[in-house]
Amino acid sequence: MYRSKITMAWNVFKFCTALKGLGSIMILLVLGVVGVTYYAVVLANYGPNLINGGLDTLVSLAVLIPFHGLLAMLLWSYFSVVFTDPGSVPPDWRPTIDEEGGEADPLNVPEYSGVQVGDPSLSKVRICRKCNQLKPSRCHHCSVCGRCVLKMDHHCVWVVNCVGALNYKHFLLFLFYTFLETTVVTISLLPQFIAFFSDGEIPVTPSSLATTFLAFVLNLAFALSVMGFLIMHISLVASNTTTIEAYEKKTAPKWRYDLGKKKNFQQVFGTDKRYWFIPRYSEEDMRRMPELQGLEYPSNPNIDTQVFGYPSTPNH
């Protein structure tokens, strides 16, 4: 039995290492899909029609303008997720007075030790056994990255990075613009896809026709899959929950960080509406909203920690 546990742990470690090594391949795959799509939409179909004049030109402009705009936002959001650190625990981080008062996070209790770490006031603070360091609320250890990530949602192989406090907004925008872009491509290539099965003559080369067919199938598949993923994350944002937390709190009747849909949304996207649709935050929001930094999160005062099976402890 003991030996099987060691084998299982070793296999999981190898799997995590494999995911990390998959990184550059996934980025090339994403860029490959973008390249095939760009060739099919711009070079093979709608680009040449720009010089025809009349209705052909108007239709081409109606497709190519939103196509390029959404593609730019998609790539901006994508590389923002890839290159933005999701958030790590500062080496000198210490909990606030409220956390020192014993306000334990109800999730993943077996992962945290209640042992002393030098200061008796920190005896109830969460500790990561793998990193051997203190852990803020809503922070989880990523086995792929080998470190604790602030407000970790999941490790995404498509972006070769963890999705956490500092890049979750960018990830949601990437999903949003990917869904819009793939939907536009699917609709714009639908006439060519239907013509593929017709008996009439198609005025394009066989290679262009094959690329168009492939681009349509890929974008339709991505549009449908990303739509489901986007709907799931919209529901998570509405309840101020991460993917990990949604799995771990599925038996809890209430969630302590649920502050209402408006405030929950602002904790991810900020309060400045000018920045809602770009992968950036305003300096004002970053200065006055500590939750955007991933270290402190306000909780609902109407939800007592007793709901989760933990006795309430008065603050010091």
Side-chain angles (χ1 to χ4, degrees), residues 9 12-13 15-17 19-21 23 79-157 159-171 240-245 248 256-257 267-268 270 279-299 305 310 313 315-316:
V12 170
F13 175 77
F15 177 71
C16 294
T17 304
L19 284 180
K20 194 170 184 178
F79 285 109
S80 293
V81 186
V82 173
F83 294 113
T84 300
D85 191 301
S88 56
V89 183
D92 58 347
W93 179 82
R94 290 295 181 271
T96 61
I97 295 176
D98 287 342
E99 290 171 310
E100 290 178 1
E103 194 174 273
D105 193 309
L107 303 177
N108 275 348
V109 175
E111 292 187 7
Y112 312 115
S113 170
V115 299
Q116 301 281 357
V117 287
D119 186 347
S121 65
L122 301 179
S123 60
K124 294 182 180 180
V125 175
R126 308 189 322 157
I127 300 173
C128 177
R129 294 179 178 178
K130 297 176 182 178
C131 296
N132 194 29
Q133 67 177 3
L134 300 179
K135 224 172 171 183
S137 297
R138 315 186 73 180
C139 180
H140 291 79
H141 185 90
C142 176
S143 299
V144 181
C145 296
R147 60 170 177 152
C148 287
V149 176
L150 299 177
K151 196 186 177 184
M152 179 179 173
D153 188 87
H154 68 288
H155 186 93
C156 181
V157 295
V159 301
V160 204
N161 199 1
C162 263
V163 177
L166 304 185
N167 64 353
Y168 184 50
K169 174 190 176 182
H170 312 339
F171 177 75
N240 200 358
T241 310
T242 66
T243 301
I244 293 176
E245 291 168 347
E248 293 174 337
R256 63 186 297 192
Y257 297 110
Q267 285 200 8
V268 176
R280 292 290 183 270
Y281 290 106
S282 68
E283 293 183 4
E284 177 71 15
D285 279 348
M286 293 298 292
R287 190 181 75 255
R288 67 184 186 85
M289 295 183 67
E291 52 268 37
L292 295 181
Q293 303 289 346
L295 292 172
E296 300 177 19
Y297 293 95
S299 58
T305 53
Y310 289 83
T313 304
N315 294 334
H316 289 167

Shortest non-hydrogen separation from [X] to [Y] and the atoms involved:
| X | Y | answer |
| --- | --- | --- |
| Cys142 | Cys145 | SG-N, 3.3 Å |
| Trp93 | Pro136 | CH2-CA, 3.5 Å |
| Asn240 | Glu245 | O-OE1, 4.1 Å |
| Leu292 | Leu166 | O-CD2, 3.2 Å |
| Ala165 | Gly294 | CB-CA, 3.6 Å |

Nearest 0.5 angstrom please: [X] [atom1] to [Y] [atom2], how far?
| X | Y | atom1 | atom2 | result |
| --- | --- | --- | --- | --- |
| Arg126 | Lys135 | CZ | NZ | 6.0 Å |
| Leu134 | Cys139 | CG | SG | 10.5 Å |
| Ser80 | Asn161 | OG | CG | 11.5 Å |
| Arg280 | His170 | CZ | NE2 | 6.0 Å |
| Ser299 | Arg138 | OG | CZ | 10.5 Å |
| Lys151 | Thr241 | NZ | OG1 | 8.5 Å |

Are the side chains of [Y] and [X] in contact, using a 4.5 Å heavy-atom criterion?
| X | Y | answer |
| --- | --- | --- |
| His155 | Ser143 | no |
| Arg147 | Pro86 | yes |
| Val89 | Leu150 | yes |
| Glu291 | Pro298 | yes |

Under the rule for side-chain contact (heavy atoms from CB on, under 4.5 Å), what residues qualify as partners of Val82, not counting sequence neighbours? Ile27, Tyr78, Val159
Looking at residues at least two apart in the chain, or sitting in another chain, which of them share a side-chain contact (heavy atoms from CB on, under 4.5 Å) with Pro290? Glu296
Test side-chain contact (heavy atoms from CB on, under 4.5 Å) on Thr84 and Lys169 and set out the steps. CA-CA 11 Å; Thr84 300; Lys169 174 190 176 182; over 6 Å; no
Phe83 backbone acceptor or donor facing Asn167 side chain under 3.5 Å: no
Should the pair His154 and Phe171 be assigned to parallel (<30°), tilted (30 to 60°) or perpendicular (>60°) ring geometry? perpendicular
Is it true that Arg288 and Glu284 make a salt bridge, defined as a side-chain N closer than 4.0 Å to a carboxylate O? yes
Met289 vs Tyr281, test: side-chain contact (heavy atoms from CB on, under 4.5 Å). Steps then yes/no. CA-CA 11 Å; Met289 295 183 67; Tyr281 290 106; over 6 Å; no
